[in-house]
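Contents: one structure, followed by commentary.
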2 protein chains.
Amino acid sequence: MLSTPMTENRTESPIPALHSSSVEAGWQRQGKLWSNLKELCDVLRIPSAAVHTDEELLFQHVQFKTGQRIHTIGQPFDTLYIVHSGFLKTVLIDEFGNEQVLSFPMKGDLFGVDGIHTKRYASEAVALSNCDLILLPFKKLTALGRAHPEFEHAMYSVMSRELVREQAMVSMLGALSAEARVARFLVNLSERYADMGYSSKLFNLRMTRHEIGSYLGLTLETVSRTLSAFNEIGLITVDQRSIGIKDLDALKTLRRLPPSSTRAKQSGAKKAKAAASKEPDQPDGEWDSLATA
Amino acid sequence: MLSTPMTENRTESPIPALHSSSVEAGWQRQGKLWSNLKELCDVLRIPSAAVHTDEELLFQHVQFKTGQRIHTIGQPFDTLYIVHSGFLKTVLIDEFGNEQVLSFPMKGDLFGVDGIHTKRYASEAVALSNCDLILLPFKKLTALGRAHPEFEHAMYSVMSRELVREQAMVSMLGALSAEARVARFLVNLSERYADMGYSSKLFNLRMTRHEIGSYLGLTLETVSRTLSAFNEIGLITVDQRSIGIKDLDALKTLRRLPPSSTRAKQSGAKKAKAAASKEPDQPDGEWDSLATA
DNA sequence: CGGGTCTTTGATTAGGTTCAATAAGAGTGG
DNA sequence: CCACTCTTATTGAACCTAATCAAAGACCCG
């Protein structure tokens, strides 16, 4: 009853998958339960050039429904996960039960890496929407790395990418103002949506203000207030989970306030007020469930 | 002239090493210019069991003097570094020239990993003391990984360790109060010193308050004030760069203040005042230069 | 000893949190 | 289908932590 209302989510699913039963159960829709190496590389956005397309290896998929937990902290580690579709969050739980959001994995992201070191997952992953994940058993990965040097390099590369991302987070949390953090968050989201082929101008947030706040090191109130402020200025439109990007450049340049100088901000910017509430493109919805690729 | 007085440090050394010249120059002291695979594993604190001790492979060492830059942001990546002795900092430079400290690598730490992804270092590494580093060419690493499966696993493990560390940083920056951050910083340092065989109770900081502040997402004034406060309460003794740990448990349990409750703190704790200024054990000094192993 | 860097400490300000109340959705079950 | 409940979101007001501005002392190096 503290400040962690997520408790419900966490108890509702007593660790489902990893039991082939739950995998081979229903979920025949889309009939895409296995991927080959090439598809794997494609999803990860790494060159699959030198990969022998005649490779026999196949990688199993697993589906999770909104709210389900993919893995828990302390659970024995043996496989990495690659998001094929859907949205998740990874969190750390501190000694008081408070959760700290670490990332919001989406298509093409790899997670579970933190389990390699201690042989146990260091974080918890939860589905924020219905998800389709590709299982990548660590044993298989290392074996594969030995057979395909390019793939090995690619895996190192992906892990490096994760590290750089974390560094950027640290940098952001350590130096940017609340407004700048929220602005960057929106810009990053927008770019990710663009990468995935969705609209970068209009999309739905899959996470709560509380989760965004945790991720950005802010309170949910501050996030809400900041979004409202951006809305007032005409940088975005906000309606609950629906976000419309109106002035991407302003959001991008809205850096820190701290440096005392440069405090002129982009104040006189747009005052469009943006009364627009509906636009022709609606990229997602809760319908992203198992529809991608 | 902004808030980055480190400029001096950064201009004094126009990228020295990586030119075998500067390596094979003087520095014959200790005569430890190469390490074999076993030594490498030992330093990294990973099992070297299955490693053939008759392995021919040798890894070159390089020495850097205080203030020298090991690599810069954007510089082409080709090698990883393992700290054999000495202290460093890795930093990110933002668009305004401000630096954000990401880590303080010391014995056994690996850095340069962020360069794998984009083929260029994403951060900058600077020696905070004279250092002895082991060069680990990335090409060599991958080749080695193929020949020695255990080593490959170990490398993934080390990278995973780095990621977990970053996650912990994010968590700290996102949720802990200034006091809690400084306390944890001291505890971590203390433990690292213990690991390295130094005293965990009395040691010298190798970084400035400014660097600590950057690392912890605080200003140098706050760091200074917090250290003074800890001193007042008797948790530590502070004299410039010299820190004496007086109540490790209190520092460890000094978590967050935020949760409103649990605000009792460990107030009535020790009021020893600690007038002690000199103790029998003095672990380091600027003399750590090339004396370890 | 002098210039520069680093550290400490104080006074003041401000950005963000906390507490609190209301509103808007989403889900449940009669 | 609507009442009821629970979660999520918005907004306001007061408070407080840490940043900012400022000044003086300590240390280092040439």
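Order of the sequence lines sets the chain letters (A, B, ...), proteins ahead of strands, with each chain counted from 1.
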Evaluate the salt bridge (Lys or Arg N to Asp or Glu O under 4.0 Å) criterion for residues K89(B) and E99(B): first the C-alpha distance (whole Å), next the side-chain angles of each, then the deciding distance (0.1 Å), finally the verdict.
CA-CA 11 Å; K89(B) 68 172 176 182; E99(B) 65 174 36; 2.9 Å; yes
Round to the nearest Å and state the distance from L220(A) atom CG to dA20(C) atom C1'.
13 Å
Think R225(B) has a side-chain N or O under 4.0 angstrom from the OP1 or OP2 of dA18(D)?
no
Roughly how many Å is it from CD1 in I212(B) to P in dC6(C), rounded to a whole number?
12 Å
Check T237(A) against K246(A) and note the closest heavy-atom contact, atom names and distance.
CG2-CE, 3.5 Å
Protein-nucleotide distance (F230(A), atom CZ; dT10(D), atom C1'), rounded to Å
16 Å
Tell me the interatomic distance from N204(A), atom CG, to dA26(C), atom P, rounded to whole angstroms.
11 Å
Can you check side-chain hydrogen bond (donor to acceptor under 3.5 Å, both in side chains) on S103(A) and T90(A), steps first, answer last?
CA-CA 5 Å; S103(A) 66; T90(A) 64; 2.6 Å; yes
Examine dT8(D): is either OP1 or OP2 under 4.0 Å from a nitrogen or oxygen in the side chain of R209(A)? Give yes or no.
no
From CG of L176(A) across to C1' of dA18(D) the rounded distance in Å is 16 Å
To the nearest Å, give me how far apart CG (L218(B)) and C1' (dA19(D)) are.
10 Å
Parallel, tilted or perpendicular, as decided by the 30° and 60° cut-offs, for the rings of Y193(B) and F203(B)
parallel
Can a side chain N or O of S177(A) be found less than 4.0 Å away from OP1 or OP2 on dG15(C)?
no
Base of dT10(D) paired with side chain of R241(A) (donor-acceptor, under 3.5 Å)
no
Within the structure shown, what part of the strands sits under 4.0 Å from V223(A) by heavy-atom distance: base, sugar-phosphate, or nothing?
nothing
For a quick check of understanding: with a heavy-atom distance under 4.0 Å over all strands, which category does L227(A) fall into, base, sugar-phosphate or nothing?
nothing
dC28(D) base / Q240(B) side chain donor-acceptor hit below 3.5 Å
no
Decide yes or no, distance alone: a donor-acceptor N/O pair under 3.5 angstrom between the base of dG16(C) and the side-chain of R181(A).
no
Looking across every strand, which nucleic acid part, if any, lies under 4.0 Å from G217(A) by heavy atom: base, sugar-phosphate, or nothing?
sugar-phosphate
Establish, with yes or no, whether the OP1 or OP2 oxygen of dT17(C) is under 4.0 angstrom from a side-chain nitrogen or oxygen of T219(A).
yes
On DNA chain C, more 5' by nearest nucleotide between M207(B) and T222(A) is M207(B)
What is the separation between atom CD on E232(A) and atom C1' on dT11(D), rounded to the nearest whole Å?
11 Å
Side chains of C131(A) and Q68(A) in contact at under 4.5 Å (non-hydrogen atoms)
no
If you only use heavy atoms from C-beta on, which nucleotide in dT9(C), dG16(C), dA18(D) is closest to the side chain of A178(B)?
dA18(D)
Is any side-chain N or O of E211(B) under 3.5 Å from a base N or O of dC6(C), one able to act as donor and the other as acceptor?
no
From C-beta outward on E221(A), which listed nucleotide comes closest to its side chain: dT11(D), dT9(C), dT17(C)?
dT11(D)
What heavy-atom pair brings V126(B) and G67(B) nearest, and what distance separates the two atoms?
CG1-O, 3.8 Å
Distance, rounded to the nearest Å, where D239(A) contributes CG and dA23(C) contributes P:
17 Å
Side-chain N or O of S228(B) closer than 4.0 Å to phosphate OP1/OP2 of dT9(C)
yes
